Amino acid sequence: MAFDQEEEKIRKVLESYKLRRPPENLMKNYEEEVLKKIKIPQGFPFLGMGISLAFVLALLLGFAFFFHLQTQSLKKEIKLSPSVSQTVSLSEKTKVTTSSSEGEDILFERMAGELFILEMLGEDEGILEDFDRIEEDLEIFPQGGTQIWH
Amino acid sequence: MKGDGTLDKSDLDLVIEAREGKEAAYSELVRRHMEKAVQLASIAVGNYEDAKDVSQEAFVKAYHGLKKFEMKSKFSTWFYRILMNTAQDFVRKRNWKRFLIWKEESKMEEFFERRESAVASPKVRVLQKELGEHIARAIKNLPFKQQWVFTLRFMEGFSIQEISESVQVSEGTVKATLHFAIQKFKKEILPYLQEEQGGVHHGI
């Protein structure tokens, strides 16, 4: 249907309706109130922007602090397992990894939990690809290998 | 105050005087446009109390921005843009508040009245009153910009060019916005039109 025709039909429906006049008591002293508001100092023009910036900054600091805490707790968890930070023979290492300490348990339980969630979401594909590199960075198994999964 | 011929002056003359600091001139401008401003704002914000605050805030902003008004369009066209932006800001803030404190939307007031017809039966009048409420709700349910353009076009009788100047978008965009608004409006209102007309609707 052409735009003009459509408009005409809407106009036809609406022609018998008009906007109601606002209540009289509401409009009383309207102009005086406007003039009064005009005379009120406008305040600092960039105050709102300043407040927003301060809020964003506070939020960023909060995040930074939160991630700092997270990193700290992760380091502590890794430090709790003295056995994994020592250079040991292959047989000993196998023993260490299978008879895990409390710290390892917590760490691996958490990782397993997260992997489970990713599996449930179907997002686990390729998730372990970079595990070797991460593992070296964190020195979880200094001589390489992901024996814990065996 | 009104003895200085303020009443006879055009809006643009009053703008020039208001720029020079004549309070009476701006007061007269406010007086001329306040009712329409509250009506338009009331559709956008949903009640008269807030509409009054929003429209007054727009008048204050307009006063402080008078020097930026280039006088190429009517004062009302320029002012309605300020009013639209102020109302939109208000609605956004209120939506955030409602989201944060989980407050339900308040009941919409009756903004429309029917031009009474002497021949209409009481039953028809009741149906027409109901239709007025549905029209108000259908307009209220439009997205903000569509709602504003729709109201200016059909309730205020603005031309496409005037809306384009006021909203500061091209005429093509105004037409496209109106087209989408009309489609949504039709979809909402059609069942009630059929009911009112006993199956013979207005043909939309």
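In this text, all values refer to a predicted model and were calculated from it rather than measured experimentally. Residue numbering restarts at 1 for every chain, and letters A, B, ... go by the order of the sequence lines.
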Is chain B contacted by the side chain of Leu26(A), its backbone, both, or neither, given a heavy-atom distance below 4.5 Å?
-> both

For Glu32(A), is it the side chain, the backbone, both, or neither that has a heavy atom closer than 4.5 Å to a heavy atom of chain B?
-> neither

Is there a side chain to side chain contact (heavy atoms under 4.5 Å, CB included) between Lys52(B) and Glu33(A) once you walk through the steps?
-> CA-CA 11 Å; Lys52(B) 182 185 175 183; Glu33(A) 286 170 26; 3.1 Å; yes

Answer whether the closest heavy-atom distance between the side chains of [X] and [Y] falls below 4.5 Å.
X	Y	result
Ile38(A)	Phe59(B)	no
Gln39(B)	Arg20(A)	no
Lys186(B)	Glu6(A)	yes

Electrostatic pair Glu23(B):Lys39(A) at N-O distance under 4.0 angstrom | yes

In plain terms, say whether Lys37(A) and Glu57(B) are close enough for a salt bridge, that is, a side-chain N and a carboxylate O under 4.0 Å apart.
-> no

Roughly how far, to the nearest 0.5 Å, is CD1 of Ile10(A) from CG of Leu178(B)?
-> 10.0 Å

Distance col, row Glu35(B):CD vs Glu24(A):CD, nearest 0.5 angstrom, shows 9.5 Å

What heavy-atom pair brings [X] and [Y] nearest, and what distance separates the two atoms?
X	Y	answer
Tyr30(A)	Ser55(B)	OH-OG, 2.5 Å
Leu19(A)	Ile43(B)	CD2-CD1, 3.3 Å
Tyr48(B)	Pro22(A)	CE2-CA, 4.0 Å

Non-hydrogen atoms of chain A under 4.5 Å away: do they reach the side chain of Lys175(B), the backbone, both or neither?
-> both

Can you establish whether the number of heavy atoms outside [X] located under 6.0 Å from its atom [atom1] is more than 12?
X	atom1	answer
Arg21(A)	CZ	no
Phe180(B)	CZ	no
Lys61(B)	NZ	yes

Under a 4.5 Å heavy-atom criterion, the part of residues 143-162 of chain B in contact with chain A comprises Phe150(B), Arg153(B), Phe154(B), Met155(B), Glu156(B), Ile160(B)

